[in-house]
There are 2 protein chains.
Amino acid sequence: MKLDDTDKKLLAILQEDSKTPIKDIASRLNLTKTPIYERIKRYEQEGIISKYVGVLDPSKLDTVMVVFCSVSLESQKLDALESFDKAVADIPEVVECYLMGGANDFLLKVVVKDLQAYHTFSSGKLAALPNVSQIKSTFVLNEVKRSTVIPIF
Amino acid sequence: MKLDDTDKKLLAILQEDSKTPIKDIASRLNLTKTPIYERIKRYEQEGIISKYVGVLDPSKLDTVMVVFCSVSLESQKLDALESFDKAVADIPEVVECYLMGGANDFLLKVVVKDLQAYHTFSSGKLAALPNVSQIKSTFVLNEVKRSTVIPIF
DNA sequence: CGATATAACGGAAAAATTCCCCTTTATGAA
DNA sequence: TTCATAAAGGGGAATTTTTCCGTTATATCG
């Protein structure tokens with residue numbers, strides 16, 4: 001889908017604050033509610049906007065710890081990768097998971113409540129998945145920046 | 001702040017779909033709109049919910065490429081770390097940034113439109129920041145899972 | 001057992017979204 | 001240039017949702 005200048009500005013606004021009233025967006029973009037409303041509906045229908053969510057501040061929840069871990073599999077065959085994908089989808093502690101280039105590892109972002117919970121997760125749930133050969137964990141000391149915005153140029 | 005069972009369920013719903021009408025949430029949690037409304041307002045005032053955002057599907061935007069890079073600084077002094085923090089906040093391509101334990105590196109999630117844009121970003125903007133000594137880039141081949149949900153147990 | 005605080009309820013007012021039809025602007029072929 | 005057609009924008013009314021009351025229930029503690 002082709003995005004014009006208005007689309008880019010509008011998507012930027014919705015990525016920053018999806019609760020901004022349509023009429024306010026309209027006046028910022030020098031339009032009225034109808035064209036704004038219809039553009040937004042189009043994004044939703046086409047799946048460009050997949051969902052609207054509330055974002056929590058982990059520093060306000062005293063029991064949150066973030067860990068990145070890179071997981072290597074014994075096999076790089078497609079079905080091994082796919083079965084790992086599926087397994088990971090159902091583990092709530094795994095908040096993000098990426099298949100990475102270079103070493104053919106997965107990079108996982110994991111959220112747990114403390115170090116003990118991480119140990120349980122890592123040695124219990126994660127190491128138990130099929131084909132897992134190596135897990136390297138790195139702990140987040142400080143969350144410097146976290147945004148969900150995909151910059152559109 | 002102490003979170004009871006209703007708070008946890010409510011935060012889980014809002015993290016999944018913040019557009020769910022309050023009356024629908026109320027009936028799911030066997031309550032009426034008022035207590036739900038007042039709990040949500042409390043989360044917003046206390047900053048537990050920091051914002052509401054629209055989430056874009058990068059696969060629907062043909063020009064999106066994700067890279068993780070670990071950046072080492074020459075100095076681990078506090079002011080060097082802090083000036084890096086501040087600089088990173090203003091770079092839109094840097095979507096997330098974490099100070100990591102272990103090697104005292106930063107881990108950055110970077111979103112650009114293609115490989116050429118990444119080269120421009122990496123050698124231009126990123127390497128130009130003060131104290132940067134080493135940049136290791138790993139490219140995302142496939143986004144297996146990406147959620148903004150912080151699991152609350 | 002009161003007294004007080006906290007949470008939940010129900011309805012009305014305000015605000016936002018949604019939907020309708022109409023007007024304007026852009027596009028392209030004759 | 002001009003007309004036909006499509007695409008985008010506009011304005012207002014109906015609907016839905018949020019917000020804000022006053023009131024009632026429930027729990028906690030001396």
Side-chain angles (χ1 to χ4, degrees), chain A residues 1-57 60-64 113 147-153, chain B residues 1-57 60-64 113 147-153:
Chain A
M1 180 198 173
K2 199 175 139 257
L3 299 175
D4 66 15
D5 206 56
T6 301
D7 289 318
K8 290 175 187 174
K9 287 178 191 164
L10 178 48
L11 287 169
I13 291 171
L14 295 173
Q15 286 192 95
E16 289 294 340
D17 179 10
S18 62
K19 282 268 207 298
T20 315
I22 291 177
K23 70 164 170 18
D24 293 6
I25 299 175
S27 70
R28 275 171 66 180
L29 301 185
N30 295 317
L31 287 168
T32 54
K33 33 185 177 47
T34 313
I36 300 296
Y37 172 75
E38 282 170 356
R39 281 171 192 259
I40 293 174
K41 286 298 128 185
R42 208 175 70 229
Y43 309 147
E44 292 169 359
Q45 270 182 338
E46 301 195 12
I48 294 174
I49 295 180
S50 61
K51 56 183 174 175
Y52 296 92
V53 302
V55 178
L56 304 196
D57 181 346
K60 293 282 161 57
L61 304 162
D62 34 35
T63 58
V64 169
K113 76 168 201 290
S147 118
T148 52
V149 175
I150 292 176
I152 305 172
F153 301 108
Chain B
M1 181 196 171
K2 199 175 139 254
L3 299 174
D4 66 15
D5 207 55
T6 301
D7 289 317
K8 290 174 187 175
K9 287 178 191 163
L10 178 48
L11 286 169
I13 292 170
L14 295 173
Q15 286 191 95
E16 289 295 340
D17 178 11
S18 61
K19 282 269 208 295
T20 316
I22 292 177
K23 69 165 167 26
D24 293 5
I25 299 175
S27 70
R28 276 172 66 181
L29 301 184
N30 295 317
L31 286 167
T32 54
K33 36 189 175 46
T34 314
I36 301 296
Y37 173 76
E38 282 170 356
R39 281 170 193 259
I40 293 174
K41 287 299 129 182
R42 208 174 71 228
Y43 308 147
E44 293 169 358
Q45 270 182 339
E46 302 196 10
I48 294 173
I49 295 180
S50 60
K51 55 184 176 176
Y52 297 92
V53 303
V55 178
L56 305 196
D57 181 345
K60 293 281 162 58
L61 304 162
D62 32 37
T63 58
V64 169
K113 74 168 202 290
S147 117
T148 52
V149 175
I150 293 176
I152 305 172
F153 301 108

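All values below were derived from every heavy atom in this structure, side-chain atoms included, with hydrogens, water molecules and symmetry-related copies excluded. Labels below follow one simple rule: chain letters A, B, ... track the order of the sequence lines, proteins then strands, and each chain is numbered from 1.
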Where do B/Tyr43 and A/Leu56 land on the side-chain contact (heavy atoms from CB on, under 4.5 Å) test, with the steps shown first?
CA-CA 9 Å; B/Tyr43 308 147; A/Leu56 304 196; over 6 Å; no
Stepwise side-chain contact (heavy atoms from CB on, under 4.5 Å) check, A/Leu3 with B/Leu61:
CA-CA 9 Å; A/Leu3 299 175; B/Leu61 304 162; 3.9 Å; yes
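Here the straight-line distance linking atom CD1 of A/Ile36 with atom NZ of A/Lys9 works out to 10.5 Å at 0.5 Å rounding. Interatomic distance, A/Gln15 CD to A/Ile49 CD1, rounded to the nearest 0.5 Å: 8.0 Å.
A donor-acceptor contact shorter than 3.5 Å is absent between the side chain of A/Thr63 and the backbone of A/Lys113. A distance-only check finds no donor-acceptor pair linking the side chain of A/Ser50 to the backbone of A/Gly47 [under 3.5 Å].
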For a quick check, with a 4.0 angstrom heavy-atom cut-off, what is the B/S/- contact string for nucleotides 8-24 of chain D, read 5' to 3'?
-SBBB----SSBBB---
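The list of side-chain hydrogen bond (donor to acceptor under 3.5 Å, both in side chains) pairs with a residue in residues 30-40 of chain A, not counting sequence neighbours, reads A/Asp4-A/Arg39, A/Asp7-A/Arg39.
Between A/Ser18 and A/Tyr52, the shortest heavy-atom distance links the atoms CB-CD2, 3.5 Å.
With sequence neighbours left out, B/Lys19 forms a salt bridge (Lys or Arg N to Asp or Glu O under 4.0 Å) with no residue at all. Here B/Lys23 pairs with nothing under the salt bridge (Lys or Arg N to Asp or Glu O under 4.0 Å) rule; sequence neighbours left out.
Counting 5' to 3', DNA chain C first comes under 4.0 angstrom of a heavy atom of chain A and last does so at the ends given by C/dA16 to C/dC20.
Each end of the helix from C/dC1-D/dG30 to C/dA30-D/dT1 gets its own rotation axis from five pairs of C1' atoms, and the angle between them is 30° to the nearest 10 degrees.
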